[in-house]
Structures are given as C-alpha cells and as structure tokens.
Amino acid sequence: MGNNRNIIEKIVGILNTSDSWLVLSHEKPDGDTLGCGVALARVGRRLSKRVIHACPDSCPERYSFLFDDFDLLLPENLPKDFPGPRGVVVCVDTSTTARTLSQVGSRGFACPLVNIDHHVDNERFGDVVWIEPMASATGEMVTELISESGWGLRKDEAEALYAAVISDNGGFSFESTTLKSHAVAMKLIDAGVSPNKISEALDSNLSAGVLNLWGRAMMRTTVFADGRCAVFWLDAEDFSQTGTKRDATENLVNFLIRIKDVKMAALCSELSEPEGEKRVKVSLRARMPFNAREVAAILGGGGHNLAAGCVLGTGISEAVSLLQKEMTWHVSRFPSYI
Ligand SMILES: [Mn+2]
C-alpha cells in the first residue's frame, strides 16, 4: 500500500469537506458493490455526514444481512436536492454510467463525482477517478481508502468490506487474488471480522427453489469445442416454475468451469417474460489464457478478463448458438492449448 497515496488523499479530502454523501452501487448489485456501499455509508454517518446509499435495483435476498442499520434506496425515492452542491457522489465498482443512476451520465448532480472501481474497462467517468484493475474487489480499494483516511474502521464496516472482497474473489480462490487481497483481509480481521461468520452468511442462504433452478440448468450442460467450452441455460419458465428471481443465478456459472478441461463457460438466462421483448443475460467465465471479456465485448458487453457478461436481444436458443459460435472461435485461436 502507499502507491495510491495521492489519489486516496484527494478522495479523503473531498469526502471530509462534503456534508452530504450519495454512495451509489451498480445495477443488479453484487456483494462487492453492496459491501463497499454499506461500509462507506456507515463511515459517513459516523462522521456526521448526511448519507444515502442508492442503487438502480433493490438488494438481492442473499445480501440483505449486510443491511441492519439503514436501507438501500431506489432512485425514485432519492430526495430531489440530494446531495446538493456541497455534497459528493461516490460510485463504487461501477464500470460504466449505464450501470448506475441516469443523473451520473447526464451530469445531473451539482457536486463532484468520485469513481472507485477495479474493472479494467472502466469508462473513467467522473471528476476523481481511481481504477485498480489488479484489485480482486473494489472492497480492497475501499479498505485501503478507509485505513489511510484516519477515520478508523469499525467492526460492522469491516464486515461489509470482507463480504465485498470474498464475494468477488471467490473467497481468495480466483486468479485475481493477490498478496494484497490477503493483506486487506488481515486488516479487516484485525478490525473484528469473523471470516467464518461472513462466509456462512453469504453461503448458507439458498432455498430449495434455487437448488431446483440450478438443477435445471445443470441438466442442460453442453460441452463443446473439443471439451474446452461449456454452456447451460435457463428460460423464463424455469424461474416461474421454481419460484425464483433472476438474481438466483449469481455464481451459478462457476459450476460449469469446474468440469475437467473446460476453460470457458457461459450461462444464458432469459430475462424477458414470454410476451415481452426478447432479452437474454449471459454470464461468462474463463481460465487463462482465454478471455471472457473479449467474448463479452464482441457481443456488446464487458467485465473482467476471467469474468464478464452481456445482454443479448434474442431468444434463448439463438443466444446459446451465438455463444457457442463466439466461444468456439475464441478458443480456436489457441489450437494447441488443451
Ligand atoms: Mn467488483
């Protein structure tokens, strides 16, 4: 730590001098963006700031344990004058303005905008931009920010950050995990975090419906491209018949990449209802040297090198064929690689 001192000092300075903080988590929120948002919101309240933590979508059940002292606000409930000219807007874990409140993209807030993120394809929007593609989670960066700030770190803030870090780096198991990820964990545990308590809160909250949904996807596992790629899918009926919401697929695609020799995997899940416009959400995972972000980018999406996604305006079977074609083309660039 220390290389980022200038940018951290700048962000801490803005936060200290702003009396209102609007902390924004990205749409379809995950553990990283929510954990970072909750931690910053708690710090702000402790510093007697007026703080609102908002998000374009509501909090998935899986992360509700993070919120015991305040609620995540939906955009329509945001007070008109908030945060005002003496305030600040902080976007966490958000690579593009398309994934946050529309006022961010349209410069509708009359105050500085701080962008803290670890996505390599971050658009670098905002007045103060801090991007660390090497961080395994934005939670690593927010931990660094708070520990360099002189604000101290309360146990419940550290717990939210620990949840952020482990939900993005697979409990320190993904390629993105570094020495610094563990150094951050040390700081958080030092602040009172029980790793077991947070892991359990994140992992032991499935319902039978979710398992039924996952079972349907797994039954459709298809391996292709000489065993190097795999895909499975879920349609709108699968969600309605199992009584699950679209956020029940989080991390599901990670099962596919556990098949021996599979280096690239995709889950296609139908977002649209039978009568509505066609939309399929694609979650992609890759192992080195393959690149999930490159495949997602061809299809209009983005993300990280080994975890990325996109939304296709097609039906489910078209989406699966398209994915199979693009993934096969991608891995065929490494013919000798098995
Ligand atoms: Mn993240």
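Whatever order the structure lists ligands and atoms in, that order sets their numbers, starting from 1. Note that these values count all heavy atoms, side chains included, but never hydrogens, waters or copies made by symmetry.
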Does [X] reach the side chain of [Y], with side-chain heavy atoms less than 4.5 Å apart?
X: Phe290; Y: Leu306; value: no
X: Arg279; Y: Leu312; value: no
X: Leu47; Y: Trp151; value: yes
X: Val120; Y: Arg293; value: yes

Students often mix this up, so state it plainly: with edges at 30° and 60°, are the rings of His330 and Phe334 parallel, tilted or perpendicular?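 Answer is tilted, since the angle falls between 30° and 60°.
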
For a distance under 2.8 Å, give residue and atom name for each protein N, O or S atom next to the Mn ion (ligand 1).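 Listed by chain and number, the atoms are Asp32 OD2, Asp93 OD1, His118 NE2, Asp168 OD2.
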
NZ on Lys187 to OG1 on Thr143, rounded to 0.5 Å: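 If we round to the nearest 0.5 Å, Thr143:OG1 and Lys187:NZ are 9.0 Å apart.
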
